[in-house]
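Reckoned from all heavy atoms, side chains included, excluding hydrogens, waters and symmetry mates.
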Amino acid sequence: MIEFFFDCSSPWTYLAFHNIQPLAKEFGAEIIWRPILVGGIFNTVNPSVYAQRETPVPLKARYMKKDLQDWARSAGLSIKMPPTVFPVNSVKAMRGCIWLGADMVPFATAVFETYWGGDKDISQDTVLAEICRKVGIDEQKFFAGISEQAIKDQLKANTEEVVARGGFGSPTIFVKKTDMYFGNDRLPLIREALLRSKASAA
């Protein structure tokens, strides 16, 4: 089993979200999708992210842009960094993922594509309504659903849970509950963990 804690406002999460699905399929591993708010994590345990954004190291920032585009090219994805609105308030989109439950993947995929590929502000209701129509979701039910207190509470609970389990950003990925990995570039290590798990079960 793979638990994937994610926020659509992160480009590295977009890459990992895309890349982990064929990996899980290869090993017959179930992915448990866990929507979170990465801003809540930063506020709680990782405020240094904000300082890095305010005063970036020029050489590192330049390389990170190249690195992101190298990964995007490898995955066949289009990622504009930074998008016009960055950082973006993803709370409604992530509540939408919670509300959709087991059916969230097509919606989350469209949110990633719309924000990172289409450069549209996913905090706006008009954009979210457009995404709903694209993936066949009743937009009126969607907006009613994401306003439910239980949905809001679950998103907060997921965010608090990943912090309690040692997470400090998005994506945070767990294999077999306790084996934690952070970021898209850890997928080769996740592959090795799945291989070990498969071997031990044989």
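- Screening F6, F168, W12, F174 against F182 for a ring pair (Phe, Tyr, Trp, His ring centres under 6.0 Å) leaves a single residue, F168.
- Using a 4.5 Å cut-off on side-chain heavy atoms (C-beta onward), T13 and F4 make contact.
- At most 12 non-hydrogen atoms from other residues, nucleotides or ligands lie less than 6.0 angstrom from OH of Y63.
- Residue pairs satisfying the side-chain hydrogen bond (donor to acceptor under 3.5 Å, both in side chains) criterion with at least one member in residues 106-115, sequence neighbours excluded, are listed as follows: E113-K134.
- The shortest non-hydrogen separation linking Q21 to V105 is OE1-CG1, 3.8 Å.
- Looking only at side-chain heavy atoms (C-beta outward), R165 and F5 come within less than 4.5 Å of each other.
- The only member of V45, N158, I36 that meets side-chain contact (heavy atoms from CB on, under 4.5 Å) when paired with V163 is V45.
- With values rounded to the nearest 0.5 angstrom, L100 atom CG is found 14.0 Å from W33 atom CH2.
- Looking at D70 and R73, a side-chain N of the basic residue comes within less than 4.0 Å of a carboxylate O on the acidic one, giving a salt bridge.
- Counting heavy atoms from C-beta outward, M81 and W116 have side chains that approach closer than 4.5 Å.
- Between V38 and S9, the closest side-chain pair of non-hydrogen atoms falls below 4.5 Å.
- The shortest non-hydrogen separation linking A61 to P56 is CB-CB, 4.3 Å.
- A donor-acceptor pair under 3.5 Å links the side-chain atoms of N19 to the main chain of L15, judged by distance alone.
- In this structure a side-chain-to-backbone donor-acceptor pair under 3.5 Å is present from T159 to L37.
- Using a 4.5 Å heavy-atom threshold, the side chains of R196 and D179 count as touching.
- Listed by first then second residue, pairs satisfying salt bridge (Lys or Arg N to Asp or Glu O under 4.0 Å) with a partner in residues 184-195 read E26-R191, not counting sequence neighbours.
- Side-chain contact between E30 and I32 is present, with heavy atoms from C-beta onward closer than 4.5 Å.
- Taking the side chain as every heavy atom from C-beta outward, R62 and L59 approach each other to under 4.5 Å.
- By the 6.0 Å contact criterion, NZ on K152 is enclosed, its count of non-hydrogen atoms from other residues, nucleotides or ligands being greater than 12.
- In this structure, D121 and T84 have side chains that are not in contact, with every pair of non-hydrogen atoms separated by 4.5 Å or more.
- Exactly one of R34, K176, M180 qualifies for a side-chain contact (heavy atoms from CB on, under 4.5 Å) with E3. That residue is R34.
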